[in-house]
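Notes for the one structure printed next.
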Amino acid sequence: MSASGYLGLLPLAILAGSAILVLFGLAFARQRYETAFALSMAGLVAALASLFFAWTGAPQRFTALLVLDHFAYLSMALSIGATIVVEFMSFAYFRARREENGEFYFLLQLACLGCAVLASSSSFASFFLGLELLSTPLFTLIGYRREREAGLRSAFMYLILAGVSSAFLLFGMALVYLETGSLDITTAARAASGSASFTVLAGLALMTVGIGFKLAVAPFHVWTPDIYDAAPAPATAFIATASKGAMAILLVRFFAPAGIAGAGPFAWIFAAIAGISMFTGNILALREGNLKRLLAYSSIAHLGYILVAFVASGNQGSAAVSFYLVAYFVSNLAAFAAVAGLSTNEAEADSIEHYRGLAKGHPWAAAALTASLLSLAGLPLTAGFMGKFVIFEAGAGAFLWVLVVILAVNSTISIFYYLRVVSALYRPASEAGTGSMSPRPAMPALAAIALAAMAIAIIVIGAMPGSLMAFIREVARDIASNAAAAL
Amino acid sequence: MMLALFIVLPLVCGFAAWILGSRGSTAGRWISLAGNAFNLVLAAWLWIAQASGSLVPVEGTWLALSSMPWIPAYGISFTLGLDGLSLLFVALTSLLGIAAVLASWKGIQEKVAFFHFCLCLVLAGINGVFLSIDLFLFAFMWELMLIPMYFLIDIWGHEGRHRAALKFFLFTQIGGLLMFVAIIGLYLAHAAATGLRTFDYRLLLGTALDPTRGMLLMLGFFAAFAVKLPAFPLHAWLPDAHTEAPTAGSVILAGLLLKTGGYGLIRFVLPLFPEASRSFAPIAMWIGVAGIIYGGFMAFSQTDMKRLVAYTSVSHLGFVLLGVFAFNVQALNGAVIQMLSHGLSTGALFILVGSLQDRLHTRELSRMGGLWSAAPKFGAFGLVLTLALLGLPGFGNFIGEFLVLLGAYRASVSVAVVAAIGLVFAMVYSLRMYQLAFHGESSDTKEVRDLGAIEIAALGAMIIALFWLGIFPQGAMDAASRALGGILGILGGTA
């Protein structure tokens, strides 16, 4: 392994190393909370910066476990970026109990490392390792506010369900290994294309259940609203973005090169999952009065949209998945930054009623939250519109007309509930005693910065997506060629 | 570059109005008024230049073109083009934009800055729709004009505004998305046929499509435009949205947003899908006739004055649909004149109804009456606009409807005969409205304040334009004819 080979590993190494540093900081520093935050933030920024150095060395394989190509680095950049934004919104959120809360950053960073491993894994072993590295901290993150009973209950629920889904995944991997004798992801995927044996198909089906659970697509979505609601807002933001994003990237890496996403039984399975997710998520969200639950349902639908591009497969499809993920990340992070920023130690800002009249007290926060919701709804001048365009384009290019029309219908349904929230922002605040707080506390600086940055990103990507789209297409072209080269 | 001004200027004015206007309420009004006035001057200048012959087409029938790369990876560019047809509509946009600002001068007292931001943003989107000749940009602008319009209804509308705003948005959104899908379908078909991935309208013209695919894609476009127009079974959003919107919102909805539907049919549906449109034409013409009759009938039975005017739009825009699909130059010219004069006359009527509502706090015809004696200026303007509404010769409306019927007669006698019945309805509902509101007596209207200077200025300008269209329609027809001729040439229709 050459020097540049190790350079390619730098982002992962920095993430892991700085996580340990955070632990040391927590053990020895006096200002535990601030130290943990600063060390973790420094580690994340350094990891992000190291991606630039690692970029030139790609693509390369690091042992049989990891494939470090541009696609992996892109998704690492996304996960790390999302984690940075999540840390910005958590700083004030957890500060009230600063004696105990420093560990939050350690766990978050560990989960981020899990995402990075997951996105670059080339073998079932590293896949599972990354997944557990991601899931285990999440159990704690979900139940982090121990004083809340619902949080603890949800953490247990997630623990059990994640355990079950891991079991499905492992059993599926075992079946595939039984047939192919290889733990390599692309080998396994290739065995499933063409005339695959029943064992392989059954194995892949079981794995699909495990992956579907992590992505929270219907019919594996049932946990989502409760977890979103009960977890602290920053943790929810992480689950909604980095965790699902890494899994979606892995899905592309796993299935796309062999072309089994676009043809054969799995194309039908994923197309069905996409259609059901879109309808389920959007219809359940229609009458939801809690913003966090609403975002949970909406994320089910959004993952359905992403699956449309995934089924479209090919370079266009992979590029569309990646681009939509970027749009989905910035929009969701903005929404959760607003929720986290407006929550206080006593009350989570989750009911839509709470947001009535926000435009009066916090005009800028209201404008940013509007941008985020309109982006999720896929309206122009926002990243979401461009995201929807690339999915439409990929879907229509693969002649998935039914899915594309379902997507069009569903975006219309989704507008109904997003506009309900937007409309609330500009209505006069409701009478006292119905949940809204007056006077509203000022938004914490770091959360406001996160919100503003994400809102600006939404608008910039929505207005001038040209270079980002070209860049992502370039990167997506890599996956197919690298997978071919690896064999 | 000058073309981009039509879009950029309202955008800049909108943001300026929002930021500067939050200090005091008048700044926002003046900024958006100035922006629209500047655009009107620009449009007038272009108009004079093309009428005098000093502005000659730069390419085909395009008087001006400007293009910038936007998303090259997908063959998308920021391309604007202006021909006689779009010039007419851009001029209408600036004129009605001014009217809308004036109409809201007294009526809007809450969140004035944000109101003008939304207003300017809608106008920017509408100008974008009229000028884009990149189909992606067109779809972008098409969606862009919806959001601020939604806010205009949802925030500043009347009692049932939330529902009406949502209904408006959902209807137009599903149509718009189907069009978006169809645009992408056309783009991919063109790419498959030629290997060139582009959204440029000029290049996509003449894309070879097999009949089934051509028909499906055409229907995707038609869905969006038929909802906006609105065509008969898809009009359900219109009465609510028009009635509940604030006056300025109704002016923009009726005067401009509906026109984007008709414009889209002429600009995109006919030339991009000539065969499919031709086979769809009989159905479309009957849909138009159904709208004419249904709208007239419903207008007659309304007791809410604003709702009545809203239903007349369904009827009048039925003529546009009929004219567009009759495939000859009279009918097409008639459709354009009908759109322009409907925009002016209905816009003016909404201002009139709005100022009545401000004074009487009701839109119920049964509670009006006797306005002629109580407020003579109201009566005079009301009479002029009612006559325009029923299509009296001398107003643009007459020319429009007459030309459409003339052209439709050549295409299909039975359609023209049934459509002509609509004129009788127009007579009846217009005169009934006038009689109930202005004649007779009522205690509610005794003390009513007459029209003010701002309202008279707005209404006066619109009525002058209506007369101009009615007495000298040749100017507008000349401007549009070259563009329309090009479109008919593609259709292979009779000149």
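What you see is a predicted model; the values in this text were computed from it and never measured. Below, each value reflects all heavy atoms present in this structure, side chains not excepted, and no hydrogens, waters or symmetry copies. So you know, we letter chains A, B, ... as the sequences are listed, proteins then strands, and number each from 1.
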Just wondering, do A:R473 and B:Y74 contact through their side chains at under 4.5 Å, heavy atoms?
yes
Given a strict heavy-atom distance threshold of 4.5 Å, which part of B:F169 is in contact with chain A: side chain, backbone, both, or neither?
side chain
What's the spacing between A:Y426 OH and B:D154 CG if we round to 0.5 Å?
11.0 Å
Any side-chain heavy-atom pair from A:R427 and B:H162 closer than 4.5 angstrom?
yes
Tell me, side chain or backbone of B:I147 under 4.5 Å from chain A's heavy atoms, or both, or neither?
side chain
What residue, out of B:I184, B:I155, B:L188, B:L216, has the most heavy-atom pairs lying under 4.5 Å from chain A?
B:I184
Best-contacting candidate, B:F114, B:F151, B:Y150, B:W70, against chain A by heavy atom pairs under 4.5 angstrom
B:Y150
Could you list the donor-acceptor pairs under 3.5 angstrom formed by side chains in residues 382-390 of chain A, with sequence neighbours left out?
{"unit_1": "A:T382", "atom_1": "OG1", "unit_2": "A:L379", "atom_2": "O", "d": "2.4"}
{"unit_1": "A:K388", "atom_1": "NZ", "unit_2": "A:A377", "atom_2": "O", "d": "3.4"}

Taking everything shown except B:R213 itself, do over 12 heavy atoms lie less than 6.0 Å from its CZ?
yes
Between B:I71 and chain A, which part of the residue has a heavy atom less than 4.5 Å away: side chain, backbone, both or neither?
both
In Å, rounded to the nearest 0.5 Å, how long is the span from CD of B:Q173 to CG of A:L419?
8.5 Å
Chain B contact via A:Q316 - side chain, backbone, both or neither, heavy atoms under 4.5 Å
side chain
Side chain from CB out, backbone as N, CA, C, O: work out which of these in A:L374 comes under 4.5 Å of a heavy atom of chain B, or both, or neither.
side chain
Using heavy-atom distances under 4.5 Å, tell me whether B:R161 contacts chain A through its side chain, its backbone, both, or neither.
neither
Within a strict 4.5 Å, meaning less than it, do heavy atoms of the A:E393 and B:R197 side chains meet?
yes
Sort by residue number and list every residue of residues 395-403 of chain A having at least one heavy atom under 4.5 Å from chain B.
A:A396, A:G397, A:F399, A:W401
Pick from B:L144, B:I183, B:I76 with the largest number of heavy-atom pairs that fall under 4.5 Å of chain A
B:L144
Minimum-distance pair of heavy atoms, taken over all atoms of A:A408 and B:L177:
O-CD1, 3.2 Å
Nearest heavy-atom pair of B:I174 and A:V409: which atoms, and what distance?
CD1-CA, 3.8 Å
